[in-house]
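To start, the structure under review is shown below, and the notes come after it.
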Amino acid sequence: MTDKLFLTTINGEKSNQTPIWIMRQAGRHLKEYRAIRKIQKDFISFCLNPEQASTVSLQPITRYNLDAAIIFSDILLVPWAMDLNVKFKTGIGPLLDPVDTPDMIDANCLHNLTRKLAPVGEAIKITKLSLPAETALIGFAGAPWTLITYIAEGGSSRDFTRARLWAWQNAKELDSLLEILIDATISFLSLQATAGAECLMLFDSWASAVPAAHRNWLITKPTNTIIQGVRKNGHKQPIIGFPKGFGDGVIHYAEESGVDAVGLDHGIDPGWAGKNLPKNLPVQGNLDPLSLISAGKEMFRDIDYILESFHNRPHVFNLGHGITPPTPIENVQMMIDYIRNG
Ligand code: CP3
């Protein structure tokens, strides 16, 4: 049906070319991104400006000719659309209104969600008009647990104390909040699929913070419910799950969550993952983003190890987490050339 290398690979077909894209590719390591960023009033209205969001989504494709674009947006648009007063402060990061207990949020806050997030759909439609025919477009959302960490802490956090305390002390209320966030995520992903996203990715960036005893409740089951909800809405796009820092939990996740492909962070040994993940499961990852800063022989050795470890299954090359702002673009180009041409 499709001849986009990224999509055939994520859909389970192995080919002799390894597709590649880069998490946070539309971002601060590109000077053309920084130029547009500089003239924005604030980060949220930047994300919700379809023309500008589309322009920066296309920048890394124009520069590197990657196999997939990801729509420029943010996982915190969902709490923003739930009226949690999300702001991005330069030098600090995201800030949200304080929430003492999970039951302070009720389902009424979902009323305007799809209306408020409609500009992301617009951005997807516009972007598709300009993408090269062989480039796929990815839509995404944050997974509920990761959103809970930002909601509980009122921003970024080092050790996620409040979110973890909620899990132990406010389990019943947290369960209701999970349900609300699951509904919100199904709506947001469905909106993006309807607009034309060809693949969906669920970022569970702080899966690492969940105690092993709670992994199923807080990570794997919500992911499964979201996927069922998206499917019930009629969307057939492949879904990539990225439970960052989940360690050996990724095996149970791959078997039980219903994702079509698993994103691996750089804490996972590709040799281990290649042997232990379900046979033929498509994987994405997992070069340490910091190896790109110097791009020495260690980086090329690591790329070889990753490619070798996944040569028996469909594999999309990516970093293990987002590319960092100081990464030199020449190094990115070297990495891409090496993967494509050896
Ligand atoms: O190119 C792409 O990957 C698309 C864009 C994208 C952004 N955020 C834009 C962005 C994606 C996929 C995200 C996801 C996201 N956002 C995650 C999950 C992925 C991950 O990194 O684990 C998370 C946890 C967030 C939340 C978030 N957004 C934080 C904590 C911050 C501030 C920290 C920082 O790096 O400044 C953001 C801001 C953000 N989102 C930026 C970009 C390009 C940088 C802000 C800027 O340009 O001023």
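As the structure is a computational prediction, the values presented were derived from the model and not from experiment.
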Donor-acceptor under 3.5 Å (N312 side chain, G274 main chain): no
Heavy-atom side-chain proximity of D265 to N286 below 4.5 angstrom: no
D337 and Y64: side chain donor to acceptor below 3.5 Å: no
Donor-acceptor contact present, side-chain R24 to main-chain I323, <3.5 Å: no
Distance in Å, I336 CD1 paired with Y338 OH, rounded so as to fall on 0.5 Å steps: 15.0 Å
H29 versus T324, closest heavy-atom pair with distance: CB-O, 3.7 Å
From CE (M82) to CG (D106), nearest 0.5 Å: 9.0 Å
Inter- and intrachain pairs under side chain to side chain donor-acceptor pair (under 3.5 Å), touching residues 169-185, at least two apart: D175-W217
Donor-acceptor pair, side chain of W145 and main chain of W206, under 3.5 angstrom: yes
Single-linkage hydrophobic cluster L165~I219, side-chain heavy atoms < 4.5 angstrom: no
Donor-acceptor under 3.5 Å (N280 side chain, R313 main chain): no
Residues, nucleotides or ligands: over 12 heavy atoms within 6.0 Å of K14 NZ: yes
Q284 side chain to H315 backbone, donor-acceptor under 3.5 Å: no
Contacts of A273 that satisfy side-chain contact (heavy atoms from CB on, under 4.5 Å) - sequence neighbours left out: L264, I268, L277, F310
Backbone N/O of L292 and side chain of N331: donor-acceptor pair under 3.5 Å: yes
Donor-acceptor side-chain pairing of S45 and D42 below 3.5 angstrom: yes
Hydrophobic cluster partners of L95 (side-chain heavy atoms under 4.5 Å): I92
Exercise: identify the closest heavy-atom pair between S190 and N233: OG-ND2, 2.9 Å
CD on Q192 to CD1 on I71, rounded to 0.5 Å: 8.0 Å
Shortest non-hydrogen contact from I239 toward I227: CD1-CG1, 4.0 Å
side-chain contact (heavy atoms from CB on, under 4.5 Å) between D302 and E298, intermediate numbers included: CA-CA 6 Å; D302 261 34; E298 299 81 3; 5.6 Å; no
Verify same cluster id: L290, F300 (apolar side-chain graph, 4.5 Å): no
Donor-acceptor contact present, side-chain R28 to main-chain P326, <3.5 Å: no
Aromatic plane relationship, F72 with F43 - under 30° parallel, 30 to 60° tilted, over 60° perpendicular: perpendicular
Same apolar cluster (I L V M F W Y, side chains within < 4.5 Å links), I148/F160: yes
Side chain to side chain donor-acceptor pair (under 3.5 Å) contacts in which one or both residues fall within residues 237-255, not counting sequence neighbours: R215-D248
Smallest separation among heavy atoms of D103 and T101, with atom names: OD1-OG1, 2.5 Å
Check: Q25 side chain, A68 main-chain N or O, donor-acceptor pair, under 3.5 Å: yes
Carboxylate-amine/guanidinium proximity below 4.0 Å for K116 and D83: yes
Listed once per pair and sorted, the ring-ring contact (aromatic ring centres under 6.0 Å, His included) pairs that draw on residues 91-116, sequence neighbours left out: none
With E198, the side chain to side chain contact (heavy atoms under 4.5 Å, CB included) member among L137, I124, T135: L137
Under 3.5 Å donor-acceptor, S157 side chain and E153 backbone: no
Sub-4.5 Å side-chain heavy-atom contact between F140 and L200: no
Side chain proximity check, W166 to L177, heavy atoms < 4.5 angstrom: yes
L96 vs W80, side-chain contact (heavy atoms from CB on, under 4.5 Å): CA-CA, chis, key distance, verdict: CA-CA 8 Å; L96 289 74; W80 171 82; over 6 Å; no
Approximate separation, where rounding is to 0.5 Å, of S73 OG and L48 CG: 8.0 Å
Nearest-0.5 Å distance, NE2 of residue H311 to CD1 of residue I306: 15.0 Å
Step-by-step side-chain contact (heavy atoms from CB on, under 4.5 Å) determination, C47 to V120: CA-CA 8 Å; C47 290; V120 178; over 6 Å; no
For G121 against L191, the heavy-atom pair lying closest together: N-CD2, 3.7 Å
Any side-chain heavy-atom pair of D288 and H321 under 4.5 Å: no
Heavy-atom side-chain contact between V316 and T18 under 4.5 Å: no
Whether Y33 and F46 hold their rings parallel, tilted or perpendicular, with breakpoints at 30° and 60°: tilted
Under 3.5 Å donor-acceptor, R301 side chain and Y305 backbone: no
Beyond-backbone contact of E308 with D304, side-chain heavy atoms, under 4.5 angstrom: no
NZ/NE/NH1/NH2 to OD/OE distance under 4.0 Å, R63 and E32: yes
Y150-L110 co-clustered via ILVMFWY side chain contacts under 4.5 Å: yes
Sidechain N-carboxylate O distance under 4.0 Å for R340, D67: yes
Pairwise distance OG1(T225) to CG(L178) - rounded to 0.5 angstrom: 9.0 Å
Between N224 and S257, a side-chain donor and acceptor under 3.5 Å: no
Side chains of D204 and T146, donor plus acceptor under 3.5 Å: yes
Step-by-step side-chain contact (heavy atoms from CB on, under 4.5 Å) determination, L117 to V78: CA-CA 8 Å; L117 297 177; V78 164; 4.2 Å; yes
Same cluster (ILVMFWY, side-chain, under 4.5 Å), L5 and I20: no
Beyond-backbone contact of Q40 with R37, side-chain heavy atoms, under 4.5 angstrom: yes
N276: partners by side-chain hydrogen bond (donor to acceptor under 3.5 Å, both in side chains), with sequence neighbours left out: none
Where A53 and S57 come nearest, the two heavy atoms and their spacing: O-OG, 2.7 Å
Sub-4.5 Å side-chain heavy-atom contact between P119 and N49: no
